[in-house]
Q: 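Got a structure here, written out as C-alpha cells. Questions coming.
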Amino acid sequence: MKAIVVRRFGEPEVMKLEEVPTPEVGASQVLVRIKAAGVNPVDTYIRSGIYPVKPDLPYTPGKDGAGVVEKVGEKVTKVKVGDRVFLSGSLTGTYAEMALCEEWQVHHLPERISFEQGAGIFIPYATAYRALFQKAKAKSGETVLIHGASGGVGIAAIQWGKKAGLKILGTAGSEEGKKLVAEQGADFVFDHSKENYLQEILEVADEGVPIILEMLANVNLMKDLDILAKHGRIVVIGSRGSLEFNPRATMTKDASIFGMSLFNASEVDMQEILNEIEKGLSEGFLNPVVGTAFPLEEAVEAHYQVIMKKAFGKIVLLP
Ligand code: NAP
C-alpha cells in the first residue's frame, strides 16, 4: 500500500510517499481503507520534532481519518467488513491507503457524513468538547469567546456551543473565515487582525466574557484577561511561543486559566467525549466543515497550508 513516511524529523519535505507493507490484523484489531485523512496542526509539530511526545522513526503521520473497514480480527464485534467508520487515532498513522486500529479507535460514521467530513471529526470535536464542558464547565445561557473560531477546533466549538445554548462570540482573521463563523451560527463575529476588536467584544459583553477558548495564547493571553468577566475561565487550547505575562491580571478577575492537551484526557473523560460525538453526529448537530482536500501525495503542501494559510474549516488528504 502507499503511505506517507517520515524517516527524520524536519521540514514538511521530510514526508515522502512510499510503498510499504499492508499491516497484518491482530485479534482485537481493525484494518481500515482510508478514504480521507485529517490534517491537524499537531501533525506538523510532531513531524518537525518539536512535540514533546515523539514517535519512533520511521513513522506515518496522521491521527484523524475516515474510511471503510477492510478486515477485522477474530475478536472484533463492534464493526464488520464494509462498515463506514471514523477513527480516533490508529496504530500505524492515517496518511496512508490503510490504517491499522484497535477496535476502540473505530466508530460508525453515519451515512449523511462524507468521508472527508469524517476525517475532521476526532481531534477538533473532542478538543472543543473537552475545552467547553470538561474544562470550562460551560452552562446554557453563558457567553463564550472562541478566540480563533474559523479553524477545525473553532468550528467544532461553535456547533457544540449552539447545541448547549451558549451565546457565541467568534473571531477569524479573514473575510472568508468570518463569513464561515457567522454561517455556523456565532452570535457575533470579530476580526482578530483588527486593532480595536477587543473593544468591539466589550461592546457586546460589557461585564466581560465569562469563558474564552484560546487558540493562540502566546499572542492573546494577556488581552484575554482584559476582556474576561470576573470569575471567568480561559482554556488554553493552542499556543505557538511564549509571552510576557503579568499574573496580577488573574488576581483582579479571580480568573481560572486551564491548560489542556486532549491526549491527557482520562479513559472515562474520553469515553464521555466519544459518546457525545457519536450522539451529535447521529442527531445531526455536528457537521464538520471541509475547507481544502489534497491528494495524499501533496501532504507537504497540506502541512504548509495548515500552519501558514488563513483557516477555513478542515484540510484533508485523499489517498
Ligand atoms: P486551524 O484549523 O489551523 O485553525 C487555527 C485557528 O487559529 C484559526 O481560527 C485562526 O484564524 C486562528 N488564529 C490565527 N491567528 C489568531 C489570533 N491572532 N488570535 C486568535 N486566533 C487566531 O487549527 P485547529 O485545528 O483549529 O487548532 C487550533 C489550535 O489549537 C492549534 O494551535 C492547535 O495546535 C491547537 N490544538 C490543541 C489541542 C489540545 O489538545 N490542546 C487539540 C487540537 C488543536 P484565522 O486563520 O482566520 O486567522
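Just so you know, ligand 1 is whichever comes first in the structure, and atom 1 is the first atom listed for that ligand. Computed from a prediction, not measured in an experiment: that's the story for all the values here.
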Q: Just distances here: any N/O of Asn40 and N/O of ligand 1 closer than 3.5 Å?
A: no
Q: Mark the output for Pro124 as yes if a heavy-atom distance to ligand 1 is under 4.0 Å, and as no if none is.
A: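 No; Pro124 lies far enough from ligand 1 that no heavy-atom distance drops under 4.0 Å.
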Q: Please report whether ligand 1 has a polar contact with Gly313, defined as an N or O pair separated by less than 3.5 Å (distance criterion only).
A: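 No, Gly313 has no N/O under 3.5 Å of an N/O on ligand 1.
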Q: Under 4.0 Å from a heavy atom of Val306: give me the atoms of ligand 1 that qualify, with their elements.
A: 3 (O)
Q: Counting distance only, does the side-chain N/O of Thr94 pair as donor-acceptor with the main-chain N or O of Ala37 below 3.5 Å?
A: no
Q: Count the heavy atoms of every other residue, nucleotide or ligand shown that sit under 6.0 Å from CD of Glu195, and state whether that count exceeds 12.
A: no
Q: Are any non-hydrogen side-chain atoms of His192 and Met215 less than 4.5 angstrom apart?
A: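 Sidechains of Met215 and His192: no contact.
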Q: For ligand 1, is there an N or O atom under 3.5 Å from any N or O atom of Ser239?
A: no
Q: Out of His192, Glu175, Met308, Met215, whose heavy atom is nearest to atom 13 (N) of ligand 1?
A: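 Nearest option to atom 13 (N) of ligand 1, by heavy atoms: His192.
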Q: Does some non-hydrogen atom of Tyr45 fall short of 4.0 Å from ligand 1?
A: yes
Q: Polar contacts were defined as any N/O atom of the residue lying under 3.5 Å from an N/O atom of the ligand; does this apply to Met260 and ligand 1?
A: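 Yes.
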Q: Record the part of His147 in heavy-atom contact with ligand 1 below 4.0 Å; permitted values are side chain, backbone, both and neither.
A: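 His147 to ligand 1: contacts from backbone and side chain alike.
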Q: What I want to know is whether Leu262 and ligand 1 share at least one N or O pair that is separated by under 3.5 angstrom.
A: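 The answer is yes, given that Leu262 and ligand 1 share an N or O pair closer than 3.5 Å.
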Q: Do His303 and Arg47 come close enough that some side-chain heavy atom pair is under 4.5 Å?
A: yes
Q: Ignoring hydrogens and geometry, is there a side-chain-to-backbone donor-acceptor pair from Arg84 to Pro110 under 3.5 Å?
A: yes
Q: So which protein heavy atom does atom 27 (O) of ligand 1 come closest to, and at what separation?
A: Val153 CG2, 3.7 Å
Q: With a 4.5 Å limit on heavy-atom distance, are the side chains of Val69 and Val106 in contact?
A: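 A side-chain contact under 4.5 Å is absent here.
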Q: Would you mind checking which non-hydrogen protein atom is closest to atom 2 (O) of ligand 1, with the distance to 0.1 Å?
A: Gly152 N, 3.0 Å
Q: So, Glu19 side chain and Met1 main chain: donor-acceptor pair closer than 3.5 Å or not?
A: yes
Q: Once you restrict to heavy atoms under 4.0 Å, what part of Ser193 touches ligand 1? Side chain, backbone, both or neither.
A: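 For Ser193, there is no contact with ligand 1 at all, from either part.
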Q: Can you tell which part of Ile307 has a heavy atom less than 4.0 Å from ligand 1: side chain, backbone, both or neither?
A: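 For Ile307, there is no contact with ligand 1 at all, from either part.
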Q: For Phe285, is the NZ or CZ atom of Lys163 found under 6.0 angstrom from the centre of its six-membered ring and inside 45 degrees of the ring axis?
A: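 Positive - Lys163 is close enough to the ring of Phe285 and near enough to its axis.
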Q: Quick one: does ligand 1 sit under 4.0 Å from the side chain of Asn220, the backbone, both or neither, non-hydrogen atoms only?
A: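 Side chain only.
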Q: Any heavy atom of Arg240 closer to ligand 1 than 4.0 angstrom?
A: yes
Q: Regarding ligand 1, does Ile237 bring an N or O atom to under 3.5 Å of one of the ligand's N or O atoms?
A: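 It does: an N or O of Ile237 is found under 3.5 Å from an N or O of ligand 1.
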